[in-house]
2 protein chains.
Amino acid sequence: MNMAIVLPIPSAEVIAPCFCNACDARPASVCNALPAKLLFHLARIAHRGVANANMSFIAEGEKAENYFNISAGTARLYKLLPNGRRQIIGFAGPGDFLGLAASGQFAFSAEAIGEVEFCRYPRQSWRALIGEFPAMAQFLLDSASNELVAAQEQMLLLGRKTARERLASFLIERSDPATPHLIALPMTRIDIADYLGLTVETVSRNLTQLSVDGIITVSRSRATIAIIDGARLRAMANGSDISSPI
Amino acid sequence: MNMAIVLPIPSAEVIAPCFCNACDARPASVCNALPAKLLFHLARIAHRGVANANMSFIAEGEKAENYFNISAGTARLYKLLPNGRRQIIGFAGPGDFLGLAASGQFAFSAEAIGEVEFCRYPRQSWRALIGEFPAMAQFLLDSASNELVAAQEQMLLLGRKTARERLASFLIERSDPATPHLIALPMTRIDIADYLGLTVETVSRNLTQLSVDGIITVSRSRATIAIIDGARLRAMANGSDISSPI
DNA sequence: CGAGCAATTGAGACAAGTCAAAGCTGGTGG
DNA sequence: CCACCAGCTTTGACTTGTCTCAATTGCTCG
């Protein structure tokens with residue numbers, strides 16, 4: 001067990017190892033809870049990993065021996081019922097931290113959509129590191145709180161919104177503040193359906209309808225959506241749109 | 001701002017103040033993260049509170065100035081859509097800790113079902129205390145993780161289970177290890193419906209059906225349910241029951 | 001005993017699901 | 001460079017589980 005966390009800071013050349021410096025996900029991830037000078041503590045216990053498209057890297061029910069921090073790509077996180085019904089509980093992207101599971105087992109499976117890169121941290125070493133740097137514990141608590149709030153919002157969606165409202169909410173959730181009316185959809189329609197508690201056909205029909213109503217435009221490749229009428233979409237997302245019930 | 005956390009331990013009489021000693025919820029709550037001798041630190045910043053039946057004590061969107069720790073009774077936690085649709089995101093009982101909200105605003109409202117007692121902790125004082133006692137931060141992270149796992153399970157229920165399966169899951173979730181086949185339902189049928197993403201009528205119909213099928217028995221007051229065929233109920237809860245599609 | 005709620009039951013409507021077929025898109029190999 | 005294949009997506013026709021609306025029944029408590 002690697003507990004030798006507290007070490008003299010090495011010479012400047014070794015500080016903030018190359019792959020952390022090059023990591024696009026750093027500003028948004030746990031790693032940022034440590035000042036750059038201390039990043040090497042994290043790098044020492046990190047194992048870099050890659051999952052190719054549709055490869056699984058976390059299996060529900062498996063012993064949770066590692067934490068994961070996504071550095072590139074998008075993953076689908078899902079739970080299965082014995083008869084095959086699937087619920088996607090979220091999509092994880094750069095900066096997202098996976099593996100908080102108090103029971104010691106993963107509560108969901110994770111699969112790469114396209115290629116996914118991540119850092120993997122053995123649970124043991126990680127715990128030791130947290131003990132050393134309270135800022136990391138705080139970061140994790142904050143991010144768990146945020147995820148909890150998001151999960152509660154999703155419960156509202158799944159329990160009380162119509163198909164159309166779910167699609168509207170989904171599009172808004174996925175819109176990036178940098179490009180607020182261009183939405184990238186790396187996942188398939190089936191993924192979207194399994195995330196929103198619908199079927200593919202219903203997703204497809206409602207996207208078509210939103211398009212016909214002049215609220216969005218779907219790119220020819222279907223992987224990008226442009227928001228035309230953001231106000232209307234937002235009203236729809238929280239169930240207060242006046243018009244057109246499907 | 002009360003930051004004077006580190007104090008000499010007072011004389012034995014003051015340690016572990018009376019209301020903490022009498023508190024049934026202590027073993028299951030954050031308070032247990034502190035050894036009995038240090039409980040007075042918590043008691044110093046706690047404000048005891050009571051909410052009568054159907055009184056609200058947390059309002060969604062309100063500035064989150066306090067944390068709450070339920071010591072007696074049951075509360076419904078819910079979110080509303082502008083048009084009045086309601087989703088109950090959970091029921092909180094003794095030992096449950098409320099108020100983790102990274103955004104600074106409550107993400108849900110809370111109302112007492114019957115009478116609810118709680119301790120209220122001002123956010124400021126609480127943060128200071130966490131800084132002092134890492135075990136409390138760890139407890140909170142663990143309990144946030146547990147809630148997250150429960151929320152994900154609920155997403156699976158809301159997105160992919162039939163009405164009958166939802167009821168079965170609900171009954172199993174609420175069964176107490178101490179009395180595994182006697183279930184107390186302090187909440188109304190409407191509450192159950194809003195928790196399971198159904199209508200009252202559907203809840204009522206399905207409870208009747210479970211009863212007709214000899215899987216449960218409903219007490220005359222309707223507030224207690226006895227499980228007759230636990231195996232069948234469990235199979236039903238995860239969607240692998242052979243028979244009777246309503 | 002009767003008012004006031006909560007819960008149940010019934011009948012009919014509708015949103016979303018199912019099954020089936022056709023349309024695109026992007027990649028592969030002749 | 002084009003034909004073709006495989007998989008994803010869309011569209012259509014029909015079914016159904018759950019909702020809605022409307023009574024009725026049953027409990028609790030003054």
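FYI, side chains are in, hydrogens and waters are out, and symmetry mates aren't considered; it's all heavy atoms of this structure. Letters A, B, ... mirror the listed sequences (proteins, then strands); counts begin at 1.
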Whole-Å distance separating the CZ atom of A/R166 from the C1' atom of C/dA15: 11 Å

Of all the choices, D/dC19, D/dT9, C/dT8, which nucleotide is nearest to the side chain of B/T199 once you look at every atom? D/dC19

Does B/L207 reach a base, just sugar-phosphate, or nothing at all? Heavy atoms under 4.0 Å. nothing

Closest-nucleotide 5' rank along DNA chain C - winner of B/T188 and A/A163: B/T188

Does the D/dG17 base have a donor-acceptor partner in the side chain of B/R164 within less than 3.5 Å? no

Within this structure, what is the CG-to-P distance between A/N83 and C/dT18, rounded to whole angstrom? 11 Å

Selection from C/dT8, D/dG12, D/dT18 that lies nearest to any side-chain heavy atom of B/L198: D/dT18

Kindly compute the distance separating CG (B/L207) from CD1 (B/I216), expressed to the nearest 0.5 Å. 5.0 Å

Working to the nearest 0.5 Å, report the span between CZ of A/R164 and OG1 of A/T202. 13.5 Å

Among D/dT9, C/dA7, D/dC27, which nucleotide sits nearest the side chain of B/R220? D/dC27

Identify which nucleotide among C/dC19, D/dT20, D/dT10 has an atom closest to any side-chain atom of A/R189, counting heavy atoms from C-beta outward. D/dT10

Residues B/A112 and B/N52: closest non-hydrogen pair is CB-O, 3.3 Å

Mind telling me whether B/F68 and B/F118 have parallel, tilted or perpendicular rings, with 30° and 60° as the class edges? perpendicular

For residues B/R174 and B/M187, determine if any side-chain heavy atom of one lies less than 4.5 Å from a side-chain heavy atom of the other. yes

Specify the separation, in whole Å, of atom CD of B/E201 and atom C1' of D/dG17. 14 Å

Expressed in angstrom and rounded to an integer, what is the separation of B/Q209 atom CD from C/dT9 atom P? 10 Å

Measure from the side-chain heavy atoms of A/T162 and tell me the nearest of C/dG26, C/dA7, C/dA16. C/dA16

Calculate the interatomic distance between B/L185 atom CG and D/dC27 atom P; express it in whole Å. 16 Å

Can you measure A/M187 atom CE to D/dC8 atom P for me and round it to whole angstrom units? 15 Å

Check the distance between C/dA7's P and B/N206's CG and give it to me in whole angstrom. 15 Å

Interatomic distance, A/I190 CD1 vs D/dT10 P [rounded to whole Å]: 11 Å

Want to settle it: does A/R160 or A/T202 sit nearer the 5' end of DNA chain D, counting the closest nucleotide to each? A/T202

Of the options C/dA11, C/dC24, C/dT8, whose atoms approach the side-chain atoms of B/R205 most closely? C/dA11

